Amino acid sequence: MTDDVPPPGSATGFAPGSPPGLGDLFSAFAKLGLTSFGGGLTGWMMNECVRRRRWMTEDEFLTGLAMAQALPGVNVVNLPIWIGYRLAGSPGAIVAALGVIVPPMLVVVVMAACYSWLARYEATHLALQGAAAAAIGMSLSMGLRAARRQVRRLWPACVLGIVFAGVGVLKLPMVAVVLVMAPVSVALAFRYPR
Amino acid sequence: MRDNPLLALLLIMAPLSLMSVGGGQAILPEVHRQAVQVHGWIDEATFVADFAISKMAPGPTSLIVTLIGWQAAGIAGAAVATFAIFVPSSIVVLLLARVWARYRGAAWQKAVEQGLAPVAAGLILAGSLTLFRAASGGWLAWAVALLATGIILATELNPLVLIGSGALVFLLAGG
């Protein structure tokens with residue numbers, strides 16, 4: 001399956017590293033799944049796949065992210081499928097999805113079993129609030145990193161600003177914003193290529 | 001047929017899989033209606049606790065369906081509900097990924113990538129804003145979040161250390 005998938009890398013973003021094995025994919029996504037306290041998992045994935053392991057370029061990652069958001073399903077599961085397929089074909093997609101779902105699934109069941117005990121302690125809530133607050137940093141820092149490359153030119157900066165204002169500030173439905181802005185932005189990329 | 005909870009879980013969750021978008025919050029009202037009102041697998045208080053646990057635990061919030069499956073029909077119920085909520089949407093993504101890989105390197109694909117990048121960057125930033133708004137802990141949460149952002153941008157510190165430090169700051173400040 002891996003034979004028909006070309007090695008990662010293109011002219012933009014980080015330089016390519018070597019393609020991962022299925023074990024690497026599973027452990028990477030299991031780690032991501034288990035450490036995603038309080039959201040911001042997308043930022044973690046970008047940090048892991050683009051910066052640390054150099055499995056793909058930033059543009060490739062962001063394309064997968066936009067697709068994962070626009071398609072039905074939970075985006076933190078859709079994105080590993082996209083990335084896993086890109087890196088190791090269908091087995092890669094399955095392994096990445098299992099990695100992000102199965103270990104947290106076991107944790108959630110264990111937590112439910114201990115919930116009445118855990119919830120009694122104020123410290124549990126405080127620790128989780130603190131972990132979630134720090135996790136926001138991962139999301140925001142990756143957003144800023146991705147934005148830095150986009151705001152150098154006028155049209156990507158405008159697209160970014162409109163999407164941010166629409167989804168973040170005005171709280172418009174995300175899928176609707178993506179379905180309108182993605183074709184506009186792609187058309188602009190055709191008209192004004194990099 | 002409604003007497004078999006495994007089949008009922010499958011028939012409820014599989015269509016919801018294709019209706020969930022984003023973080024999976026959109027399907028919660030329907031999951032609640034089916035589990036509490038239609039089938040009576042759990043009561044209102046259990047649903048609220050399940051929601052709190054799935055938010056608190058790592059992984060996608062939609063793992064709430066794992067808990068509901070577990071409470072409705074044990075281990076098999078947990079497995080069936082989880083399978084049903086993730087597999088249908090995953091197949092759609094996988095099919096698109098295959099088509100995408102087939103045309104890799106095409107000029108139109110480069111344009112699509114360049115066009116989608118600013119959209120995705122805007123979405124990550126919007127998501128961060130949503131997390132900021134939702135953070136509990138007031139100014140302390142915002143301070144920790146901003147500090148963490150700066151540290152990640154400036155250093156190569158292991159994110160897990162950062163998460164642990166966030167928890168520690170809250171424990172020290174609150175206790």
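Within every chain, numbering begins at 1; the chains are lettered A, B, ... in the order of the sequence lines, protein sequences first and strands thereafter. Quick caveat, the model's predicted, so the values are computed rather than measured.
- For Thr82(B), the part lying near chain A is the side chain, with the backbone staying farther off; criterion is any non-hydrogen pair under 4.5 Å.
- A heavy-atom distance below 4.5 Å is found between the side chains of Arg145(A) and Ile152(B).
- With a threshold of 4.5 angstrom between heavy atoms, Val169(A) approaches chain B through its backbone and through its side chain.
- Here the side chain of Ser141(A) pairs no donor or acceptor atom with the backbone of Thr149(B) at under 3.5 angstrom.
- For Leu140(A), the parts sitting under 4.5 Å from any heavy atom of chain B are the backbone and the side chain alike.
- Between Ser54(B) and Val108(A) the shortest heavy-atom distance is CA-CG2, 4.2 Å.
- Ranking Pro173(A), Ala93(A), Pro80(A), Ala66(A) against chain B, the residue ahead of the rest is Ala66(A), based on heavy-atom pairs under 4.5 Å.
- Leu160(A) pairs in a side-chain contact (heavy atoms from CB on, under 4.5 Å) with only one of the listed residues (Leu125(B), Leu123(B), Val119(B), Ile124(B)), which is Leu125(B).
- Interface remark: of the candidates Leu79(A), Leu144(A), Leu32(A), Val177(A), Leu144(A) forms the most heavy-atom pairs closer than 4.5 Å to chain B.
- Interface residue Arg133(B): only side-chain heavy atoms are found under 4.5 Å from chain A.
- Side-chain contact check for Trp100(B) versus Tyr85(A): every heavy-atom pair is 4.5 Å or farther apart.
- Contact of Lys171(A) with chain B is made through the side chain alone, with heavy-atom distances under 4.5 Å.
- Interatomic distance, CG of Asp50(B) versus OH of Tyr115(A), reported as 9.5 Å (0.5 Å rounding).
- For a heavy-atom cut-off of 4.5 Å, chain B lies close to Val100(A), Ile101(A), Pro104(A) in residues 95-104 of chain A.
- Of the possible polar contacts, none joining the Arg98(B) side chain to the Ser90(A) backbone as a donor-acceptor pair under 3.5 Å is found.
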